[in-house]
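Each chain gets a letter, A, B and so on, in the order the sequences are listed, and its residues count up from 1.
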There are 2 protein chains.
Amino acid sequence: MSSRAATRVFQGVEEQIATGQLKDGEKLDEASLAERFQVSRTPVREALLQLVGSGLATQIPKRGCFVKAPSFREMIEMFEVMSELEGMCARLAARRISDQQLAALKAANEGCEEAIQANDSDLYYHKNVEFHECIYTACGNSFLASETRSLRRRLQSFRRLQLRVRGRMPQSFNEHYEIIEALESGNADKADLVSRQHVMIQGERFNDLLVHMEQTQ
Amino acid sequence: MSSRAATRVFQGVEEQIATGQLKDGEKLDEASLAERFQVSRTPVREALLQLVGSGLATQIPKRGCFVKAPSFREMIEMFEVMSELEGMCARLAARRISDQQLAALKAANEGCEEAIQANDSDLYYHKNVEFHECIYTACGNSFLASETRSLRRRLQSFRRLQLRVRGRMPQSFNEHYEIIEALESGNADKADLVSRQHVMIQGERFNDLLVHMEQTQ
DNA sequence: CATCTTATTTTTGTATACGATAATTTCTAC
DNA sequence: GTAGAAATTATCGTATACAAAAATAAGATG
């Protein structure tokens, strides 16, 4: 956690976009943000630039920055890409994973199991990240790993909600088990397929959640 | 082309990294860059932030920015991801492409043919971009399209070199033809496979080029 | 002569100031 | 009363100023 003012502003605005406090299309006024975060315009502008870079805001020259929360369609698109990337990670990992890395993967999955037994969705969330992080490392392509990680991060605030959906944790855990099996046996095709489905199910769950939210509003 | 000073600096530095004038690890001194581009430090800092965002530079807090030219290994990794993304675009496009989009694709490919006959590698480069742009549009996933486009852009300066490699243009053209066939017949698997290979061949060509450069130095 | 401490300098990160352009308001003409 | 033009205001983009931290140089001590 950098103590830089610009980073604080960036993360603050990012958070507020994720939680919906800042809505799509809303203007990100430099002066207001500077006031809110008690800094000058300079770090605010740097934060805005980074937000534009990560796709959370749009910039219109001489007009300012505006929140660009992903639409429903864009979210689905991102899940579609995410499933491809996760599949690729798993496929490569099936060929390249070491015994040590496999052990770490199993350990992370045991952590997931403990979280389920404790019914601790927050712990599960973190252990789940650890699980996938093992696969990213094992895929042997650090560029792919970092791209996948960054997309995961971008979807994570929504993902966090999904895990609270009834029955998701045990199902997710079962999927993990299948992935481990595939990686252990070096079955790249199966690892790919299962991982893709693992993500797409989350995408569909996300869809469920959205539909539910629309219905209850 | 934006007339913004920050953009000018960004593109200038990007160019110099691509051409090798700025080497890996070299410090991007704010004052020097400001002097060189005849602007103040403010737009220089904005440009540096964007460079960090696009992975061309690293920032160490309170220490400054440093050029981070992709290593040989990273380039290979990027090609590996690129081939996956291109394959995905083609696979989706095979299911979703419209008659109109298919016509545009064929037109772009005819442009490629003309470029080959004129032996104009620069024209081929542009028509080739147009060809792939058609597929990105047709894949129906604009997030995927933009990610693929951005990775293509990142590899493009090297790609430009590759096309000058002897015999590459006609071969690339033949691969295009196969892609068109697959898309026209709605054969998603073939479209995926051929597109992947299309990129990986370029990656291998890139490898050849690097090896050649190392030998002649 | 080497090493640790301290002083100086450089450079980063942030604040403020200013000019230019777009948005808004006011005013005039019909 | 409305439409268009001019003036005003607000905001962006850039320049400069300043404070804090790190790098470097100088000096003292063993």
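Close to D:dT14, at under 4.0 Å from its OP1 or OP2, lies a side-chain N or O of B:R4. Between B:R63 and D:dA23 there is a side-chain polar atom (N or O) within less than 4.0 angstrom of OP1 or OP2. OP1 or OP2 of D:dG13 sits under 4.0 Å from a side-chain N or O of A:R45. Side-chain N/O atoms of A:T42 include none lying less than 4.0 angstrom from OP1 or OP2 on C:dT14.
A distance of 9.0 Å separates SG in B:C65 from NZ in B:K27, rounded to the nearest 0.5 Å. Separating the CE atom in A:M78 from the OG atom in A:S83 is a distance of 13.0 Å, to the nearest 0.5 Å.
The listed nucleotides are C:dT14, C:dA15, D:dG13; the one nearest the side chain of A:V39 is C:dA15. Among the nucleotides D:dA15, C:dG13, C:dA15, the one closest to any side-chain atom of A:S40 is C:dA15. In the set C:dG13, D:dG13, C:dT14, the nucleotide with an atom closest to the side chain of B:Q59 is C:dG13.
Between the CG atom of A:L49 and the C1' atom of D:dC12 there is a distance of 12 Å, rounded to whole Å. What separates CD1 of A:I60 from C1' of D:dC12 is a distance of 13 Å, to the nearest Å. The interatomic distance linking B:L33 (CG) with C:dT12 (C1') rounds to 14 Å, in whole Å. If you measure from atom CZ of A:R41 to atom P of D:dA17, you get 18 Å, rounded to the nearest angstrom. Atom P of nucleotide D:dA22 and atom NZ of B:K27 are separated by 13 Å, given to the nearest angstrom. Straight-line distance from the CD atom of A:E30 to the C1' atom of D:dT14: 12 Å, rounded to whole Å. One atom, CZ of A:F37, and another, P of C:dA15, lie 13 Å apart when rounded to the nearest Å. For A:E46 and C:dA15, the CD to P distance is 10 Å, given to the nearest whole Å.
Using a 4.5 Å heavy-atom threshold, the side chains of A:E110 and A:K127 count as separate. At a threshold of 4.5 Å between non-hydrogen side-chain atoms, the residues B:I135 and B:T148 do not count as touching. For the pair B:L56 and B:E14, the minimum side-chain heavy-atom distance is below 4.5 Å.
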